[in-house]
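Step one of this worksheet: look at the structure below.
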Number of protein chains: 2
Amino acid sequence: MTSQLRSEHSLQADTAFLLARANAHSLTAANAALAPLGLRVRSFSVLALAVDEGRLSQRDIAEYLRLDPSQVVALVDDLQERHLVTREPDPTDRRAKVVIATGAGRKLHEEAAEATRRALDAMLGGLQAEERAVLRALLTRLAFPA
Amino acid sequence: MTSQLRSEHSLQADTAFLLARANAHSLTAANAALAPLGLRVRSFSVLALAVDEGRLSQRDIAEYLRLDPSQVVALVDDLQERHLVTREPDPTDRRAKVVIATGAGRKLHEEAAEATRRALDAMLGGLQAEERAVLRALLTRLAFPA
DNA sequence: TATTGTTATACTCTATAACTATA
DNA sequence: TATAGTTATAGAGTATAACAATA
C-alpha cells in the first residue's frame, strides 16, 4: 500500500467511512475470538440478551439488535438446538416467546464475554481509559438516537 | 420495545456492540441517500478513491476499503460500464490497473458526497462540532491501527 | 517465487413478503 | 385491524481457492 492510503483521501475525513472500517476490524476480531466457542457475533449477542434478566421476546431482541424478526428465529433455533437457550411462553401475551438462557448457556456466555472482552481490549489497546469512556459515550448516542 | 432495552443490558456496555449498531444506522442512512444516484456505500467509496489524485490500483482500493480484490473487480466493472471510471494501465507495473474517474464520475461523486454529507449530518445532529472532531479522531485510530 | 487482476464458488448477512395464531 | 413468530426467497456482503499475466 502506498503511503497516500493513510491520508490525503476524501474518505479519510468521512466519519461514516471510519465507522465502517473500525467496525469491520472489530467484527473480524470478535468473530475470531468466538469461533472456538461455536459462536459468532450475532449468536453471541442473542445469547447475551437471553442471559440478562430482561425476559425479552424475540421481537424485543430483533429491535435491539437491529435485525429482522425472521433472522432472530434462525439464531434462536440454533441456540435452542444446542440447549443454550429455551423459548418460554409469555404469560401476558400468548403470541410472544421469551428467550431465556439455560445453565449451559450462561456458562458459555461467560467464556464468550471474556473472549470478546480480550479481543476488544487488544483493538482498543492504543486508547487510554478516559478516551475509551469518551468513545463509548459518543457511540452510545449514535447507536441509540433520542 | 420495553424501557429496559435502553439500559441494564450487558451489551449496552460493549463498545463493539455500540460500534456495530452505530455503523448499521450510518450504513442504512447513507445507502438511502445514495440510492437515487444509483450508488451504494461500496460503489461510492470506490468512486471517491477514483476521484482522488492517488492513482490507486485495484489492489490499493481493496486494502483501503478492507475488501477482497475480487470484490473490487465487480465494483469497478459496474462503475466502468456506467462510464464513471476507467481502468488505465500502470506504466510502472503492467499487471496493475489504475482506476480513474471520468468527468461524469467526478460530477456524480460531487452530488453523492453532498448527499452522504447531509445524511451523516442528520445522524450526528446531536453532537457538537467539538464532539464530532473527537469522535473522528478516535475512530481514525481504530480504523487505521498503527 | 510472489503479486495483480480475474473467475468461480460457497457462505453469511440483509431485506421483503406472506402465512398462523393471537391481541 | 394490528402484532408475534414463522417460513420462504432473493439480493448484498464476505471469504477462499485457483488461474493467467507479469514482476
Side-chain angles (χ1 to χ4, degrees), chain A residues 1-2 17 20-21 23-32 34-35 38-46 50 55-81 85-100, chain B residues 1-2 5 20-21 23-32 34-35 38-46 50 55-81 85-100:
Chain A
M1 195 188 317
T2 74
F17 166 68
R21 202 175 201 275
N23 183 55
H25 280 296
S26 163
L27 256 182
T28 300
N31 275 327
L34 290 171
L39 293 172
R40 298 182 60 75
V41 164
R42 295 172 63 174
S43 49
F44 166 70
S45 300
V46 171
R55 294 187 62 82
L56 300 181
S57 71
Q58 294 186 189
R59 211 80 186 188
D60 293 330
I61 291 172
E63 190 171 348
Y64 196 66
L65 300 180
R66 276 186 61 100
L67 301 175
D68 190 89
S70 64
Q71 300 168 32
V72 177
V73 172
L75 290 165
V76 172
D77 280 351
D78 173 62
L79 293 173
Q80 190 173 34
E81 278 166 23
V85 306
T86 59
R87 286 176 163 98
E88 296 186 5
D90 182 341
T92 71
D93 185 342
R94 283 194 289 173
R95 292 173 305 179
K97 299 172 186 175
V98 176
V99 181
I100 306 288
Chain B
M1 197 192 311
T2 73
L5 287 174
R21 203 175 200 275
N23 183 54
H25 279 296
S26 163
L27 257 182
T28 300
N31 276 327
L34 290 171
L39 293 172
R40 298 182 62 75
V41 164
R42 295 171 63 172
S43 50
F44 167 70
S45 300
V46 171
R55 294 187 62 81
L56 301 181
S57 70
Q58 294 186 190
R59 211 79 187 191
D60 293 330
I61 291 172
E63 190 170 348
Y64 196 65
L65 299 180
R66 277 186 61 102
L67 301 175
D68 191 87
S70 64
Q71 301 168 31
V72 177
V73 172
L75 290 166
V76 173
D77 280 352
D78 173 62
L79 293 174
Q80 191 174 33
E81 278 166 25
V85 306
T86 58
R87 285 176 164 100
E88 296 187 5
D90 182 341
T92 70
D93 185 340
R94 281 194 290 174
R95 292 172 306 180
K97 298 173 187 174
V98 175
V99 182
I100 306 288

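Chain naming here is simple, since letters A, B, ... match the order of the sequence lines and numbering starts at 1 in each. Values in this document were obtained by computation on a predicted structure and should not be read as measured data.
One finds the CG atom of Leu34(A) at 6.5 Å from the CZ atom of Phe44(A) (value rounded to the nearest 0.5 Å).
Computed from coordinates, the Arg87(A) CZ to dG5(D) P distance equals 9 Å when rounded to whole Å. Look at CG on Asp78(A): it is 11 Å from P on dT12(C), rounded to the nearest Å. For the pair Gln58(A) CD and dG5(D) P, the computed distance is 5 Å after rounding to whole Å. A straight line from NZ of Lys97(B) to C1' of dA23(D) spans 16 Å, rounded to a whole angstrom. Rounded to whole angstrom, the span from the CG atom of Asn23(B) across to the P atom of dC13(C) amounts to 15 Å. His25(B) places its NE2 atom 13 Å from the P atom of dT14(C), with the value rounded to the nearest Å. Rounded to an integer number of Å, the gap from CZ of Arg59(B) to P of dA23(D) is 15 Å. Rounded to an integer number of Å, the gap from Asp77(A) CG to dA8(D) C1' is 14 Å.
For Arg87(B), the salt bridge (charged side-chain N to carboxylate O under 4.0 Å, His left out) test picks out Asp77(B), with sequence neighbours left out. Residues satisfying the salt bridge (charged side-chain N to carboxylate O under 4.0 Å, His left out) test with Asp93(B), not counting sequence neighbours, are Arg95(B). Pro69(B) pairs by the side chain to side chain contact (heavy atoms under 4.5 Å, CB included) definition with Arg59(B), Ala62(B), not counting sequence neighbours. Ser45(B) is linked by a side chain to side chain donor-acceptor pair (under 3.5 Å) to nothing, counting only residues two or more places apart in sequence or in another chain. For Thr86(B), there are no side chain to side chain donor-acceptor pair (under 3.5 Å) partners two or more places apart in sequence or in a different chain. Taking Leu27(A) as the reference, Asn23(A), Asn31(A), Val41(A) meet the side chain to side chain contact (heavy atoms under 4.5 Å, CB included) condition, with sequence neighbours excluded. Residues forming a side chain to side chain donor-acceptor pair (under 3.5 Å) with Ser26(B) (at least two apart in sequence, or on another chain): none.
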Write down the protein N/O and nucleotide N/O pairs, taken from nucleotides 10-14 of chain D, whose separation is under 3.5 Å; answer none if there are no such pairs.
{"from": "dG13(D)", "atom 1": "O5'", "to": "Arg42(B)", "atom 2": "NH1", "distance (Å)": "3.4"}
{"from": "dT14(D)", "atom 1": "OP2", "to": "Arg42(B)", "atom 2": "NH1", "distance (Å)": "3.0"}

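Taking every heavy atom of both residues into account, Asp68(B) and Ser70(B) meet most closely at OD2-OG, 2.7 Å. Between Glu63(B) and Arg21(A), the closest heavy-atom pair is O-NH2, 3.2 Å.
Listed candidates were dT6(D), dA15(C), dG5(C). Nearest to the side chain of Ala96(B) is dG5(C).
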Base-contact (B) and sugar-phosphate-only (S) positions in nucleotides 17-23 of chain C, heavy-atom cut-off under 4.0 Å, - elsewhere: ----BBS
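Taking the six-membered ring for Trp and the full ring otherwise, Tyr64(B) and Phe17(A) have centroids separated by under 6.0 Å.
Axis angle across the helix from dT1(C)-dA23(D) to dA23(C)-dT1(D), with five pairs used at each end and values rounded to 10°: 10°.
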